[in-house]
There are 2 protein chains.
Amino acid sequence: MITLAEENYLKAILSISLNFDGKVSTNAIAGEIGTTAASVSDMLKKLQDKKLVKYKKYKGVSLTKKGNSFATSVIRKHRLWETFLVNNLNFDWGEVHDVAEQLEHIKSEELVDRLDTFLDCPKFDPHGEPIPAKDGKIPTTNTIPLNKLSEGTNGKVMGVTLDEKPFLDYLTKLNISIGTEIKLLEKIPFDQSISIKIVNTKQHISNDVAKHLLIKTN
Amino acid sequence: MITLAEENYLKAILSISLNFDGKVSTNAIAGEIGTTAASVSDMLKKLQDKKLVKYKKYKGVSLTKKGNSFATSVIRKHRLWETFLVNNLNFDWGEVHDVAEQLEHIKSEELVDRLDTFLDCPKFDPHGEPIPAKDGKIPTTNTIPLNKLSEGTNGKVMGVTLDEKPFLDYLTKLNISIGTEIKLLEKIPFDQSISIKIVNTKQHISNDVAKHLLIKTN
DNA sequence: AAAAAAGTTTAGACATGTCTAAAAATTAAG
DNA sequence: CTTAATTTTTAGACATGTCTAAACTTTTTT
Ligand SMILES: [Mn+2]
Ligand SMILES: [Mn+2]
Ligand SMILES: [Mn+2]
Ligand SMILES: [Mn+2]
């Protein structure tokens, strides 16, 4: 049996390895989970024993096929629950992450399958993040982070890569949500901040915000 | 913060005290939870410290107002989730208990409130058991266990007081579900087993089965 | 009222998961 | 290439929750 703590570590390792490639460092995991490097070292040994990760002391860690499968399943559950909470229980997209962190650990294959069916097998969650299918396949998109676009480009917001409430509340305040049409007007070299146009209003946002907005260009 | 284990103990104490009255014994709790008397003693001290129970060594335990409120809330969540699983995810009434045992521990008042609204504030769960309201009030019914009825009485099955799969599967096999019309034909003094009529078929069931069927007489 | 049985609590151990502080290894600087 | 800074691991402690075995209370029998 895999424990709740183990699931969270596997999920963290997968999340990190999706952004950067190569082996995942102890510190990176500690940062993601909000724990100490010492705890991570302890846990990596246990995950190694269970053949969920490949781990060499001081050399970082990667998921085994089995570990990747568990991690993907947790993310699948997380995003299906978030979809349920927003679509059916009328939660705001900024309020669902913490509850989904709990729901993702409920153990019942049957439950996940039926929830998936109930929701009509959604491909993306309320933040536009892809929901892995039962077989582990993750839907792809041809989107680019807003900060990588060139000046003058038009596009549509397809997703966000951060689902913390303060960030999502700020987006809502800026009138940005999934589907919003955006035009990149100007990039400021000094701080990489950018000017954008949203439904005829001009706004200015930091690079930190822009990099978490996934855009599909027209 | 109240832990998952503590919630299960409080729920067990409430369940027991609903059936029998007076103080709840250590052994009864151990039996209900499926643990040892030693573990129960340990936990009762902790619950005492948190003012969730009133406990005197060797003299049994009872819930404080605070403890009762937590226990009731756990039962409310359990039954709301069971209702969701049966009504919306098309689970059979015998398949939901174990999953609900997990879901009942998800921490979010907002979630419970919204789930309740989503389900149209149901008063009874799929097994006919009353769902406590947000304020803790438990819907009442004027029902009697089938084994307490006298011969010749007609009535309708309003609920079951056991939700283990083998029992519920057996009921399904007997064509008994919530709403089924039943007539008590004969009580056998030797073993308290009884003969019943269900939609023109005669059946014979043990006292053990009959005592878990709640009947509303016509 | 003493002895036996049943019920309950304590003592000691163990598993899981976490933390701080210290030691060891790796990487970056000088 | 040696020292310094950073990263990672180990050692030791602690909290939670569980268990078995032994001790203690209460209840039941004789
Ligand atoms: Mn999330
Ligand atoms: Mn989690
Ligand atoms: Mn149940
Ligand atoms: Mn439970």
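All values derive from a computational prediction rather than experimental measurement. Here is how names work: the chains are called A, B, and so on, in the same order as the sequence lines, proteins then strands, and each is numbered from 1.
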Considering only [options], which nucleotide approaches the side chain of [X] most closely?
{"X": "B:A38", "options": "D:dT9, C:dC19, C:dT10", "result": "C:dT10"}
{"X": "B:S39", "options": "D:dC19, C:dT16, D:dT8", "result": "D:dC19"}
{"X": "B:D42", "options": "C:dT10, C:dG17, D:dG17", "result": "C:dT10"}
{"X": "A:T3", "options": "C:dG17, D:dG17, D:dT10", "result": "C:dG17"}
{"X": "A:T36", "options": "C:dG17, C:dT20, D:dC19", "result": "C:dT20"}

Rounded to whole Å, please give me the gap between [atom1] in [X] and [atom2] in [N].
{"X": "A:K23", "N": "D:dT7", "atom1": "NZ", "atom2": "C1'", "value": "17 Å"}
{"X": "A:I2", "N": "C:dT16", "atom1": "CD1", "atom2": "P", "value": "14 Å"}
{"X": "A:L4", "N": "D:dG17", "atom1": "CG", "atom2": "P", "value": "14 Å"}
{"X": "A:Y55", "N": "C:dA25", "atom1": "OH", "atom2": "C1'", "value": "12 Å"}
{"X": "A:M43", "N": "D:dT9", "atom1": "CE", "atom2": "C1'", "value": "16 Å"}
{"X": "B:L44", "N": "C:dG7", "atom1": "CG", "atom2": "C1'", "value": "14 Å"}
{"X": "A:I29", "N": "C:dG17", "atom1": "CD1", "atom2": "P", "value": "15 Å"}
{"X": "B:D49", "N": "D:dA15", "atom1": "CG", "atom2": "C1'", "value": "14 Å"}

Considering only NZ, NE, NH1 and NH2 on the basic side and carboxylate oxygens on the acidic side, decide whether B:E109 and B:R114 come within less than 4.0 Å.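 No, no charged N to carboxylate O under 4.0 Å.
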
Is the shortest distance from a Lys or Arg side-chain nitrogen in B:E7 or B:K107 to a carboxylate oxygen in the other one below 4.0 Å?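 Judged by the 4.0 Å cut-off on N to carboxylate O distance, B:E7 and B:K107 do form a salt bridge.
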
Any [X] side-chain N or O less than 4.0 Å from OP1/OP2 of [N]:
{"X": "B:N27", "N": "C:dA6", "value": "no"}
{"X": "B:S41", "N": "C:dT10", "value": "no"}
{"X": "B:Y9", "N": "D:dT18", "value": "yes"}
{"X": "A:T35", "N": "C:dT18", "value": "no"}
{"X": "A:K57", "N": "C:dA24", "value": "no"}
{"X": "A:Y58", "N": "D:dT10", "value": "no"}

Short side-chain to backbone donor-acceptor contact, B:S195 and B:E186, under 3.5 Å: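 It does not hold such a pair.
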
Would you indicate what A:T26 reaches in the nucleic acid, counting non-hydrogen atoms under 4.0 angstrom: base, sugar-phosphate, or nothing?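 Answer is sugar-phosphate: A:T26 comes under 4.0 Å of backbone atoms only.
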
For a quick test of reading the model, state the closest non-hydrogen atom pair linking A:K123 to A:P139 and the distance between them.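 A:K123 and A:P139 have their closest heavy atoms at O-CG, 3.7 Å.
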
Is there a side-chain contact between A:R79 and A:P130 in this structure, where contact means two heavy atoms from C-beta onward sitting under 4.5 Å apart?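 Yes; the side chains approach each other to less than 4.5 Å.
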
Sequence-distant partners of A:T141, side chain to side chain donor-acceptor pair (under 3.5 Å), two or more places apart: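 Scan of A:T141 (side chain to side chain donor-acceptor pair (under 3.5 Å), adjacent residues dropped) gives A:T143.
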
Just wondering, are more than 12 heavy atoms of other shown residues or ligands nearer than 6.0 Å to NZ in B:K23?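 Atom NZ in B:K23 is packed in, count exceeds 12.
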
Both A:K59 and A:E6 contact DNA chain C. Taking the nearest nucleotide for each, which residue is further toward the 5' end?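 Looking at the nearest nucleotide for each, A:E6 comes out on the 5' side.
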
Under a 3.5 Å cutoff, is there a donor and acceptor pairing between the side chains of A:S69 and A:T72?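 Side chains of A:S69 and A:T72: no pair found under 3.5 Å.
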
Can you give me the bend angle of the helix from C:dA1-D:dT30 to C:dG30-D:dC1? Use the axis through the first five pairs and the one through the last five, nearest 10 degrees.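 The angle, to the nearest 10 degrees, is 10°.
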
